[in-house]
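The sequence lines fix the lettering, A, B, ..., with proteins before strands; numbering per chain opens at 1. When reading the values below, keep in mind they use all heavy atoms of this one structure, side chains included, and skip hydrogens, waters and symmetry mates.
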Amino acid sequence: MTEKERKWKCGKCSQVLTLQKVVFDYLGHTFSHEVPACPKCGQVFISKELAEGRIAELEEELEDK
Amino acid sequence: MREIIRKTYSVCPVCLKRIPAVHAAEGKTVYLEKTCPEHGNFSAVIWRGLRDLEAWRGNLPEIAEGENENCPHACGLCPEHRQGTCCVLLEVTKRCNLNCAFCFAEGGSGEDIPFAALQRQLHDLAEPGKTLVQLSGGEPTVRDDLPRIVAAAKEAGCRYVQLNTNGIRLAADKEYVRALAKAGLSFVFMQFDGTRDPIYRTLRGRGLFDIKKQAIENCAQHNLGVTLVPTIVPGVNTGDIGNIIRFAVAHSPAVRGVHFQPVSYFGRFPSLPSDSRRFTLDELLLAIEDQAGELVPGDSLHPSRCDHPLCGFHGDYLVMQDQTLHPLHKGQSNCCEPVTAEQNRNFVARRWQRPDAEDAKEPAVGDDIETLEGFLRRICSHSFTVTAMAFQDAGNLDLERLRTCSLHVYSDGRFVPFCAYYLTKQA
Ligand code: SF4
Ligand code: SF4
Ligand SMILES: [Zn+2]
Ligand SMILES: [Zn+2]
Ligand SMILES: [Zn+2]
């Protein structure tokens with residue numbers, strides 16, 4: 001987690017987020033990745049850095065040419 | 001009785017005049033048929049009916065009345081051309097150090113074009129930050145100043161510099177390989193017709209298998225990715241297709257993939273071949289599945305969208321630690337969207353190039369491609385492609401294909417679609 005993410009809290013439960021392994025499907029592939037999530041309600045938070053970094057990279061690789 | 005299933009245009013193999021042509025089906029086999037008022041009827045097989053032709057082609061338009069009327073004689077590029085330049089090919093010499101039975105580059109001799117002239121051409125053809133230039137020939141490595149030419153291509157702004165070679169000098173001269181890598185060469189496309197010497201003796205005049213292996217090793221030492229380029233000729237190496245793929249996978253990540261080229265008959269051929277001497281794209285698809293289906297399932301190969309679907313195909317994979325291939329694109333996902341030459345260029349070049357030694361040092365942990373990080377790391381280090389291009393000759397030239405061609409030869413200040421540039425009359 002980045003410094004910033006370390007301070008994030010869940011909007012609903014006010015719990016400090018922890019890193020949790022989530023599994024997601026993307027263009028026919030299944031991946032796991034550790035992302036900040038609320039320890040209480042399980043809500044997952046995708047940072048802008050992740051969306052614009054790794055996930056954008058993934059999209060570029062998996063988009064069919 | 002043959003049934004006409006599509007209309008297009010071609011050229012007369014004798015006089016090269018543009019003439020109407022049809023795709024005519026007899027059972028499942030499809031022929032390109034045409035008649036020159038002066039030189040008579042011609043027919044060439046283009047599809048053996050091993051795959052559904054309509055499904056493979058998708059819903060591309062035919063050449064309409066009044067379109068491309070000067071094709072292919074206005075080539076280089078005329079305003080009616082439908083695709084940009086994906087790769088541009090520059091001949092740096094006519095000379096060669098082999099004497100191949102199936103060579104299209106009119107085995108030449110004589111003076112090479114001077115370095116300064118090449119430098120000027122590179123400057124003129126390059127779109128800084130974008131261009132993928134293929135240094136070709138003849139055999140480019142007969143030039144001692146090739147590293148300088150590579151450097152000039154980079155200086156001119158070419159993003160990727162590819163070397164098309166038979167590998168002989170790369171195997172013999174480590175210092176030369178080092179100089180090419182240092183000059184900024186991005187990757188190598190190396191003739192590789194099979195995994196047995198008799199194949200090379202038939203096609204290239206001498207046994208070359210050990211030389212090919214040495215060339216791969218020397219390139220690996222300098223982090224230069226090598227894509228293997230087999231010319232597939234009926235009766236010679238159609239049975240070795242699976243072995244070629246297995247060899248390539250076993251030599252990943254130094255080897256980045258296989259680029260199949262079914263034989264085509266331009267250049268020095270005295271006459272057009274009988275249909276039994278042609279190997280159609282669907283025959284190639286079937287052969288890959290038959291001989292290496294455990295690595296390359298049929299549905300992982302997709303028709304070209306940058307070029308015409310009948311021009312070629314591609315598949316993208318990760319090489320796993322147990323030397324299996326993990327397809328990145330399966331099924332027919334949004335395959336009808338055309339792509340621009342630029343999208344295609346960046347996509348394929350990323351796979352043909354090896355990552356910097358720095359990036360590659362990261363340990364590629366196990367087979368942890370289930371994690372996002374592991375997957376992205378493995379794509380970077382162990383990408384693998386299976387691609388094909390079925391070059392056209394005067395017998396089977398289809399102008400519907402030619403007008404969307406993205407592989408261009410740079411000549412006299414013009415970008416000429418490859419199959420138009422090398423088009424030769426039947427003697
Ligand atoms: S192949 Fe392309 S560039 Fe050549 S004449 Fe036809 S449309 Fe023009
Ligand atoms: S070079 Fe020939 S086979 Fe390749 S895309 Fe162009 S027209 Fe098609
Ligand atoms: Zn919560
Ligand atoms: Zn004619
Ligand atoms: Zn292309």
Side-chain angles (χ1 to χ4, degrees), chain A, chain B residues 58 86 299-307 309 312-318 326-352 355 359 367-387 406:
Chain A
M1 275 198 285
T2 61
E3 271 310 306
K4 216 167 64 199
E5 286 167 351
R6 230 180 276 285
K7 297 189 191 110
W8 282 359
K9 286 182 183 168
C10 174
K12 219 164 59 192
C13 328
S14 306
Q15 297 268 335
V16 176
L17 303 185
T18 58
L19 270 188
Q20 293 178 31
K21 192 165 157 185
V22 297
V23 174
F24 64 100
D25 280 321
Y26 193 75
L27 296 172
H29 297 261
T30 307
F31 301 103
S32 66
H33 195 61
E34 299 217 309
V35 293
C38 172
K40 197 164 166 206
C41 73
Q43 173 73 50
V44 164
F45 295 81
I46 304 285
S47 67
K48 193 160 171 262
E49 284 81 357
L50 179 63
E52 289 176 355
R54 292 315 213 188
I55 294 186
E57 239 179 89
L58 185 66
E59 185 179 354
E60 216 179 312
E61 298 298 348
L62 290 184
E63 244 180 293
D64 195 12
K65 283 284 156 328
Chain B
C86 178
D299 68 348
S300 65
L301 294 171
H302 303 286
S304 172
R305 290 187 295 142
C306 174
D307 299 308
F313 57 74
H314 72 102
D316 303 295
Y317 311 84
L318 289 184
H326 173 88
L328 293 178
H329 307 108
K330 278 187 107 173
Q332 299 291 313
S333 59
N334 64 20
C335 59
C336 306
E337 287 283 298
V339 299
T340 67
E342 181 168 4
Q343 285 171 318
N344 192 63
R345 180 197 315 129
N346 291 331
F347 187 80
V348 294
R350 259 205 327 276
R351 292 176 152 68
W352 293 333
D359 297 347
D367 262 356
D368 67 342
I369 63 159
E370 294 82 32
T371 70
L372 181 56
E373 293 296 326
F375 185 82
L376 288 172
R377 215 165 30 231
R378 193 124 188 125
I379 281 197
C380 185
S381 62
H382 285 76
S383 271
F384 192 87
T385 63
V386 176
T387 52
S406 76

Asker: Parallel, tilted or perpendicular for A:His29 and B:Phe375, by the 30°/60° rule?
Answerer: tilted
Asker: Using the side-chain hydrogen bond (donor to acceptor under 3.5 Å, both in side chains) criterion, which residues pair with B:Thr371? Sequence neighbours excluded.
Answerer: none
Asker: Given a strict heavy-atom distance threshold of 4.5 Å, which part of A:Phe24 is in contact with chain B: side chain, backbone, both, or neither?
Answerer: side chain
Asker: Can you tell me which portion of B:Leu372 sits under 4.5 Å from chain A's heavy atoms? Options are side chain, backbone, both or neither.
Answerer: both
Asker: Return the NE2 to CG distance between B:His329 and A:Leu62, rounded to the nearest 0.5 Å.
Answerer: 5.5 Å
Asker: Measure B:Leu376 against the heavy atoms of chain A and call it side chain, backbone, both or neither at under 4.5 Å.
Answerer: side chain
Asker: Looking at residues at least two apart in the chain, or sitting in another chain, which of them share a side-chain hydrogen bond (donor to acceptor under 3.5 Å, both in side chains) with A:Glu57?
Answerer: A:Arg54
